[in-house]
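Everything below concerns the one structure shown next.
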Protein chains: 2
Amino acid sequence: MGRPRTPLLDRARITTTALELVDEQGEFSVPQIARRLGVQTASVYHHVDGRDGIVELLRERVAAAIDSGSLDHGPWDTAMAAWARSYRAAFAAHPRAIPLLTTSPVRAPKVLEQYEKAVGLLLAAGFPLPDVMPVIIALENLVLGSALDMAAPERMWELSDETATPQLARALGALGEGRADAAFELALAGYLAHCREMLTDG
Amino acid sequence: MGRPRTPLLDRARITTTALELVDEQGEFSVPQIARRLGVQTASVYHHVDGRDGIVELLRERVAAAIDSGSLDHGPWDTAMAAWARSYRAAFAAHPRAIPLLTTSPVRAPKVLEQYEKAVGLLLAAGFPLPDVMPVIIALENLVLGSALDMAAPERMWELSDETATPQLARALGALGEGRADAAFELALAGYLAHCREMLTDG
DNA sequence: ACCTGAACACCGTTCAAGT
DNA sequence: ACCTGAACACCGTTCAAGT
């Protein structure tokens, strides 16, 4: 067979197929991708740095949906909040991919630029240099923690034995639809209030 | 060979071996466990509900180190903070296991009892029933998000190209040793302050 | 009940061979 | 440069056979 006139594969199509598989079944394998693209498994390795490379591509693809526009316009607190919500929404669009993606932070240039912007925003707002990264990392933790929560199946909160933990059962019963959203917004509000205090107290 | 007079395997030893493997190499496989215990791979399946069952056992084992004693004595805010720190410390003791464990929440009875206690504590403190679970879930997100951060390799924050993101490079340079701790404590302080406000405003 | 040996389907990865 | 076919080591899981 040999080399085709026009390449059968490229990184974008491999990434798209991997994301489709993850959306459908929560996982992907290299042979599965090859099968969907009508190609041999080995061919995939000519375009991609192994399975881990595909995971990194997924990370970048999902992160590409983050809208960093809010970071360009103050005030810093609403800008950071909008960024965090968009960051979280990008993950929420592919809940089954979350466990695969949250194991290590995104380090694509495009995302690093967003961190760069955030640093500038916080410095301009008056945060002392040593406080800037903790403030950013704390927000990232918030986003990733609540992303994992979104990925957790709903039935995780359906108790198998309600009598063992009656108060927990009651509290779960009083829980509305937007369970994950409520927890995220609660934590985000606390985070922002605390950062504002850091600024005025410091 | 057949059945030995005294069983060669049990769940505890399988769990211990799996945790050792994860601590050492960040992963485990059923054949690896069997090899370490001087037994055939198939034997492991007589004690454990497949590979996923072993992961669940790891979750329980790691969570067993959480000290829930703080939940028995008020005030609610310091009690919740102590619980969260202990929860996080339990994960921190096995950083390489974190990606494996954070993909779904612990649902072992022992941990559910802790949630039960937390619900009681918050109700007694005066939180309205519908607020209780969001408050707890937000704290859990905080813990898991910062646990993932602890699991991230330190070199994740060593930029390959400092010139592309100069401000980020500066901020990272000003970061002390306890990077992960600082971010966690920042988020925790904000969380607690916000919960206190919910109580007085509500 | 618990261990073995063998089997099955699947995986990630490499590599020489072809164009 | 890019695809194939074949190979390798490894994996999770099942199951009949033994005590």
Side-chain angles (χ1 to χ4, degrees), chain A residues 1-61 96-97 99-104 153, chain B residues 1-61 96-97 99-104 153:
Chain A
M1 192 123 301
R3 176 190 182 199
R5 294 187 273 96
T6 166
L8 298 176
L9 248 46
D10 59 77
R11 294 160 72 88
R13 296 186 60 213
I14 292 171
T15 309
T16 300
T17 309
L19 190 52
E20 278 172 15
L21 286 164
V22 173
D23 283 341
E24 289 169 22
Q25 59 189 27
E27 316 174 296
F28 79 93
S29 78
V30 184
Q32 281 176 341
I33 294 174
R35 225 147 12 200
R36 287 230 174 165
L37 293 173
V39 104
Q40 288 302 116
T41 300
S43 310
V44 176
Y45 285 84
H46 289 282
H47 299 266
V48 140
D49 192 15
R51 202 202 121 93
D52 288 351
I54 300 178
V55 172
E56 188 55 33
L57 286 173
L58 285 177
R59 230 188 294 281
E60 292 176 25
R61 169 71 64 90
R96 307 193 69 172
L100 212 53
L101 305 185
T102 49
T103 49
S104 77
Chain B
M1 192 124 303
R3 176 189 182 199
R5 293 187 273 96
T6 165
L8 298 177
L9 247 46
D10 59 77
R11 294 159 72 87
R13 295 187 61 215
I14 292 172
T15 309
T16 301
T17 307
L19 190 53
E20 278 171 16
L21 286 163
V22 173
D23 283 341
E24 289 169 23
Q25 59 188 27
E27 316 174 295
F28 78 92
S29 78
V30 185
Q32 282 176 341
I33 294 175
R35 226 145 14 197
R36 287 231 174 163
L37 293 173
V39 105
Q40 289 302 116
T41 300
S43 309
V44 175
Y45 285 83
H46 288 282
H47 298 267
V48 140
D49 191 15
R51 203 202 120 94
D52 288 351
I54 300 178
V55 172
E56 188 55 33
L57 286 173
L58 284 177
R59 230 187 294 280
E60 292 176 25
R61 169 71 63 89
R96 307 193 68 172
L100 212 52
L101 305 185
T102 49
T103 49
S104 77

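Just so it is clear: chains get the letters A, B, ... in the order the sequence lines come, proteins before strands, and each one is counted from 1.
Closest approach of A/V22 and A/L100 over heavy atoms only: CG2-CD2, 4.1 Å.
Around atom CZ of A/R11, no more than 12 heavy atoms belonging to other residues, nucleotides or ligands sit under 6.0 Å away.
In summary, contact between chain A and DNA chain C, defined as any nucleotide atom under 4.0 Å from a heavy atom of the protein, begins and ends at C/dC11 to C/dT19 in the 5' to 3' direction.
For the pair B/D52 and A/V44, both in contact range of DNA chain D, the more 5′-proximal nearest nucleotide belongs to A/V44.
Contact check of residues 29-42 of chain B against DNA chain D (heavy atom, cut-off under 4.0 Å) returns B/S29, B/V30, B/P31, B/Q32, B/R35, B/T41, B/A42. For the segment residues 16-25 of chain A, the set of residues with a heavy atom within less than 4.0 Å of an atom of DNA chain C is empty.
A/T16 meets the side-chain hydrogen bond (donor to acceptor under 3.5 Å, both in side chains) test with A/R61; sequence neighbours excluded. Listed by chain and number, the residues in a side-chain hydrogen bond (donor to acceptor under 3.5 Å, both in side chains) with B/D10 amount to none (sequence neighbours excluded). For A/E27, there are no side-chain contact (heavy atoms from CB on, under 4.5 Å) partners, not counting sequence neighbours. Every salt bridge (Lys or Arg N to Asp or Glu O under 4.0 Å) that B/R36 has, sequence neighbours left out, goes to B/E20, B/E24. Judged as a side-chain hydrogen bond (donor to acceptor under 3.5 Å, both in side chains), and not counting sequence neighbours, the contacts of B/Q25 are B/Q32.
Stem regions for DNA chain C, each three or more consecutive Watson-Crick or G-U pairs with both distances under 3.5 Å and listed by first number, read C:4-8 with D:12-16, C:12-16 with D:4-8.
Pairs of residues two or more places apart, or lying in two chains, never qualify as salt bridge (charged side-chain N to carboxylate O under 4.0 Å, His left out) while including a residue from residues 38-48 of chain A. Counting only residues at least two apart or in different chains, salt bridge (charged side-chain N to carboxylate O under 4.0 Å, His left out) contacts with residues 38-48 of chain A are absent.
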Residues 37-56 of chain A, side-chain donor-acceptor partners within the protein, below 3.5 Å, at least two apart:
residue	atom	partner	partner atom	Å
A/S43	OG	A/Q40	O	3.3
A/R51	NH1	A/F28	O	2.8
A/E56	OE1	A/R59	NE	3.0

- Message: Evaluate A/T15 against A/L19 for side-chain contact (heavy atoms from CB on, under 4.5 Å), listing each step before the verdict.
- Response: CA-CA 6 Å; A/T15 309; A/L19 190 52; 5.5 Å; no
